[in-house]
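Below is one structure, written out as structure tokens; the observations come after it.
Both backbone and side-chain heavy atoms feed into the values below; hydrogens, waters and symmetry mates do not. A note on names: the letters A, B, ... follow the listed sequences, proteins ahead of strands, and every chain is numbered from 1.
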Amino acid sequence: MPSMANASEGGVGVGQKSNGVPSSAKNRSVEQSQSLARKASIAQQRRSLPIASELPQFLFNGGFCDGGKVIGITQPRRVAAVTVAKRVAEECGIELGQKVGYSIRFEDVTSRSTRIKYMTDGLLLRYSVILVDEAHERTVHTDVLLGLLKDVQRARSKYNTTQNNSDKVNGNYSAVSGKEGITHCPSYLKPCQGAKFFPLKLIIMSASLDARGFSEYFGGARAVHIQGRQYPVDILYTYDPVRDYLNAALITILQEEIESVERLVRERIRHLPLSSQNVVTVSIYSSLPSEQQMKVFRPPPPGCRKVILATNIAETSVTIPGIKYVIDPGVVKARDYSAKTGLESLVIVPTSKAQALQRSGRAGREGPGKCFRLYPESVFFELKDSTLPEIKRCNLSSIVLQLKALGIDDIIGFDFMDKPDRDSIKKSLEQLIALGALTDEYKLSDPVGQQMSRLPLDPIHSKAIILATQYNCLEEMLITVSMLSVESIFYSPHDKLEEAKVAWKRFSCLEGDHITLINVYRASVEFIEKSKIKESRVKAIEGNLKKWCRENFINNRSLRHAQDVHSQIRGHVQQMGLTVNSCGDDMLQFRRCLAASFFLNAALKQPDGSYRAMESGQRVQIHPSSMISGTKPDCVIYNELVQTNRPYLRYVTRIDPLWLPELAPQYYAAQT
DNA sequence: GAGCACTGC
């Protein structure tokens, strides 16, 4: 560890973790758990490797916070930021939010005296040391952050050199950059009024498999290996690639997903001898309501084996105690994006070596374990070392908008660790121009582009918000965009689908799904208000809402998330000075506003009853879950175009085709 | 007439 602290000025340390096992100084239990399971998980976490909690204290004691400097630690997940901060404060015997704090969306538990700050994201100019944890996960945010940090570090060392060599100290980077001939000076490189530029030290913590990549990216930074605490896990491969019934089972797994596999497992168990039937099965995946998720933490009855069927939520996000055996089919469902068609899809691809190690590592958290890989060892060696970074397989519009807002004009020239495809960048620039966020010269427009970049939303959603005041429906658009930004609001358990459909009927609107979402939101608010009249205790009201959600097959967690997003975005638009007006029940205005902002996502009915997405020309269908999939209007706008079994439009609303050239002439004037 | 990787602002 000392070698890290001794890293040269402006240096980078790459903290390596052994075996691809992530720093486990984080409790990844599912939110809101107050169960025994959570306690077990925390206890487990305490026993394991606490790099992300010990290192900042070490740096603090080493004087890195002298003179008001702050150590920032980024985490890819909110739970991790909160729990690690809490734990460090606890260990230091101090109140959270004082010396140690955290800052995440919807919650800022820091103060002027905070010196060790955990966070999920943010611009980190005021920090002297930045530790980026879990860098191997390569989220879009991590990648953008690394690019920015590299830029900041370069600029700061340049600034410091200039400061030493020049008798005229300006304290303003843009003045210096002119002298140095640096072509751009992003706004985030300019120090705040009166602020000093500290040389920046970076410590990138990642799994060992890709430490070299980080080291090279940061100009040959020193790599320090830290041994993780982990019990041995036996890895067992198949002799041959799996076929026959195993393969059939796999196909079932891949096609029908967890719910069906669970039924299959239960059915098979019934056919076993009685003495072997002592098995319980539980499932866990992200869109499952929290109450059901909690079941995986319950200990099995005595003498019973527990079989957990999990998506890759169990790879990193959730740590389930007591796992001895892991079965790894060797595949993963991963997001893919085609810039050409604008189509997002979930495809089944082989895992990377890092993911395979991550999965097997789950068997060795509390004692020695075994991992069965359903593929031969030779296949393992052919796997890619690490997963393709997300930035190479997602729509870039919102990232590009953010970079533009930071003053980075040359997106194609930006020093990404892995450069996104040129086509993908071009596509997003075109989209932003069509939305009016960028000028024809690719500059951030004023005020539209600037306002859009301030909203933490998909650019099309931001555009809808900004336009809504003019259509007298900002209240309705805030609700819509909030509901569209969260995981599925509707919960449809396989065995109660018909019941669920009946429950949803009371919200449904024949004009489209956007209004249906507004109806759900309004109904829930109305219910809460009524509940408040009868009941003053917050806990009881929350309980009532939970029950209401259960009865209506609404995912309570998603709904609450939407409420949080709603109040956050509402705050933003009020700060911008937009009038929060409402069209009441006049949904014509609202649908016209949808047409004016979602015009890139318009589709026309074809003679054969299918639809043509106007932007890409793609043949698509309205998703059967849509409230208007049966009515087949001539022209619709949609929220997203996804490829599953077929290309589908999800969240669809009927519009008048003549509205498009009227409300988006810049895009539809030339077309007919 | 379907199918539900995972995060995050």
What is the distance, rounded to the nearest whole Å, between atom [atom1] of [X] and atom [atom2] of [N]?
X	N	atom1	atom2	result
A/Gln293	B/dC6	CD	C1'	12 Å
A/Leu401	B/dC9	CG	P	18 Å
A/Arg570	B/dC9	CZ	P	22 Å
A/Arg650	B/dC4	CZ	P	8 Å
A/Glu107	B/dG8	CD	P	12 Å
A/Leu148	B/dC9	CG	P	16 Å
A/Lys496	B/dC4	NZ	P	22 Å
A/Met627	B/dA2	CE	P	17 Å

Go through the structure and list residues passing ring pair (Phe, Tyr, Trp, His ring centres under 6.0 Å) with A/Tyr491, not counting sequence neighbours.
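Checked A/Tyr491 against ring pair (Phe, Tyr, Trp, His ring centres under 6.0 Å); zero matches.
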Check ring pair (Phe, Tyr, Trp, His ring centres under 6.0 Å) between A/Phe490 and all other residues, then give those that pass, not counting sequence neighbours.
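Partners of A/Phe490 under the ring pair (Phe, Tyr, Trp, His ring centres under 6.0 Å) test: A/Trp504.
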For B/dC4, does OP1 or OP2 lie under 4.0 Å from any side-chain N or O of A/Ser286?
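So the side-chain polar atoms of A/Ser286 never come under 4.0 Å of the phosphate oxygens OP1 or OP2 of B/dC4.
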It should be established whether A/Arg646 places a side-chain nitrogen or oxygen under 4.0 Å from OP1 or OP2 of nucleotide B/dA2.
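Looking at the OP1 and OP2 atoms of B/dA2, one of them is under 4.0 Å from a side-chain N or O of A/Arg646.
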Please determine, for the side chain of [X], which listed nucleotide ([options]) has the closest atom?
X	options	value
A/Tyr285	B/dC6, B/dG8, B/dA2	B/dC6
A/His141	B/dC9, B/dA5, B/dG3	B/dC9
A/Lys501	B/dT7, B/dA5, B/dG1	B/dG1
A/Pro624	B/dC9, B/dA2, B/dC6	B/dA2
A/Lys333	B/dT7, B/dA2, B/dC4	B/dC4

Nearest-nucleotide check on DNA chain B, A/Tyr648 vs A/Ala334; residue mapping nearer the 5' end is A/Tyr648
Would you mind telling me which residue lines up with the more 5' stretch of DNA chain B, A/Leu497 or A/Gln568, judged by nearest nucleotide?
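Residue closer to the 5' terminus by nearest nucleotide: A/Leu497.
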Checking side-chain hydrogen bond (donor to acceptor under 3.5 Å, both in side chains) for the pair A/Arg373/A/Ser360: CA distance, chi angles, key distance, verdict?
CA-CA 9 Å; A/Arg373 292 193 177 143; A/Ser360 58; 3.3 Å; yes
Is the closest side-chain donor-acceptor distance between A/Tyr521 and A/Gln563 under 3.5 Å?
no
Could you check whether A/His514 and A/Thr480, counting side-chain N and O atoms only, form a donor-acceptor pair closer than 3.5 Å?
no
I'd like to know if A/Ser625 reaches the base of B/dG1 with its side chain such that a donor and an acceptor end up less than 3.5 angstrom apart.
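Answer is no: no donor-acceptor pair is held.
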Name the nucleic acid region contacted by A/Ser492, choosing base, sugar-phosphate or nothing; use a 4.0 angstrom heavy-atom cut-off, strictly under.
base
